[in-house]
Amino acid sequence: MPRGKPATNRGGGPSPTATRLRRLRRTAALRNWVAETDVDVRRLVYPVFVRPGRGSPEPIPSLPGVLRYTVRDLDALSHRLEEEGVRSVLLFGVARSKDPEGRDAWAADGVVPQAVRAIKRAASDLVVATDVCLCAYTTHGHCGLVRNGVVVNDASVERLGRVAVAHANAGADVVAPSAMMDGQVAGLRDALDRAGHESTAILAYSTKHASSFYGPFRDAEQSTPSFGDRRSYQMDFRNAREALREMERDVAEGADLIMVKPAITSLDLLARARRRFPLPLAAYQVSGEYAMLKAAAASGVVDERAAVEETLGAVRRAGADLIVTYFARDVARWSREAR
Ligand code: PBG
């Protein structure tokens, strides 16, 4: 028996203050010692926009601090990312030319295949993932083919397969289908395997909501739909059970990793997915989430670093293993400064 005053009430029950949760909050050392999650930069994926042509990296007005690079810039960028501690990138291409089918998306010499080669040459240890979609390449800006005003499914999946193979041919480690077509994961797996790319992994954008937080990205990619919206293929944010069905389908179709986006509006889905699926789980903190935090910080409403750490920390706590975020390099810098 421990000596001293027993932690009991005069009435005999346990003292209400026997458990003092503040004991482990007393110093930063104690708090860090018992922290349940962290946002290590090795868990972050940095999105990279690549545009055709030459010239210096271009700013994207609605995404302050994020640039659009040309293929020539990628050698320097890859080295810098490696030095900074960033371990992976997710590539988005800007089309050289657009047409109704989005053919430039699967061109062997397209911007993304060129970018993959350039990055792999410069920094072979960076994990290179590519976004697989048509919206930046089609004149109408939809993520699939349009027939009679409708985004058709199966023909779109066939085209997405070609895009994935073009990226895998260039050496992509991971392809990430984001078009929200039914059967796109199975379609990509089949196309990749037939092309001899059975080792290329698929990161499925499984639960991608039709969201008002993709606006800045569409500026960067010039991919705003010219008519209608994406609600006939992207998910309704009101539905959680359906979100789990999307993930279940992608797992059954052979996804290697599953992803949920946007991040901060999907914490419940991350928590449920974490319990239900053993696969690596990713969350995408999208362009609008980034822009909101930047705007709030710029107007003095929040401290940028603290707010970013809190939002990313909550996404990790909800269950995400990996987070795609435009703040990846900032997090890397902050952790260098802390050392
Ligand atoms: C392509 C795609 C989008 C995003 C990722 N892949 C845009 C969209 O669906 O309109 C959004 C990412 C972001 O906002 O950061 N379909």
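Count residues from 1 along the sequence. Counting starts at 1 for both ligands and their atoms, in listed order. For clarity, every value in this text was computed on a predicted model and none was experimentally measured.
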So is E289 close enough to ligand 1, meaning a heavy atom under 4.0 angstrom away?
no
Is it true that D330 and R305 have a side-chain N and a carboxylate O under 4.0 angstrom from each other?
no
Going through the checks in order, is the side-chain hydrogen bond (donor to acceptor under 3.5 Å, both in side chains) test met by D131 and S178?
CA-CA 7 Å; D131 186 80; S178 68; 3.0 Å; yes
Pi-cation contact, Y46 with R329 (under 6.0 Å, within 45°):
yes
Atoms of ligand 1 under 4.0 Å from any heavy atom of S287, numbered from 1 in the order shown, are 13 (C), 14 (O), 15 (O)
Is the Y326 ring parallel, tilted or perpendicular to the Y284 ring (thresholds 30°, 60°)?
tilted
For K208 and ligand 1, answer yes if some heavy atom of the residue is under 4.0 Å from a ligand atom, otherwise no.
yes
Crowding at CZ, R245 (>12 non-hydrogen neighbours, <6.0 Å):
no
Out of curiosity, is Y290 lining ligand 1, as in a heavy atom under 4.0 Å away?
no
Just which atoms of ligand 1 are under 4.0 Å from any heavy atom in D131?
1 (C), 6 (N)
Can M180 be said to touch ligand 1, with heavy atoms closer than 4.0 Å?
no
Below 4.0 angstrom, N of the basic side chain to O of the carboxylate: do E84 and R333 qualify?
no
Taking only heavy atoms of K261, which atoms of ligand 1 are found under 4.0 Å from at least one of them?
3 (C), 4 (C), 5 (C), 6 (N), 11 (C), 12 (C)
Should Y290 and F327 be marked as a ring pair (Phe, Tyr, Trp, His ring centres under 6.0 Å) after you check the CA-CA gap, both sets of side-chain angles, and the distance that decides it?
CA-CA 8 Å; Y290 174 86; F327 287 114; 4.5 Å; yes
What part of C135 sits under 4.0 Å from ligand 1 if we count only heavy atoms: the side chain, the backbone, both or neither?
side chain
Compare every heavy atom of A122 with every heavy atom of D75, then report the nearest pair and how far apart it is.
OD1-CB, 3.3 Å
For F92, the ligand 1 atoms with a heavy-atom partner under 4.0 Å come out as 5 (C), 6 (N)
The side chain to side chain donor-acceptor pair (under 3.5 Å) partners of R103 (sequence neighbours excluded) come to none
Taking only non-hydrogen atoms of Y284 and a 4.0 Å limit, the atoms of ligand 1 in range are 12 (C), 15 (O)
Quick one: which ligand 1 atoms are inside 4.0 Å of a heavy atom on C143?
16 (N)
Under 4.0 Å from any heavy atom of S178, which atoms of ligand 1 are there?
1 (C), 2 (C), 6 (N), 16 (N)
Out of F213, Y326, F217, Y205, whose heavy atom is nearest to atom 7 (C) of ligand 1?
F217
Nearest non-hydrogen protein atom to atom 10 (O) of ligand 1, with distance, is R218 NE, 2.6 Å
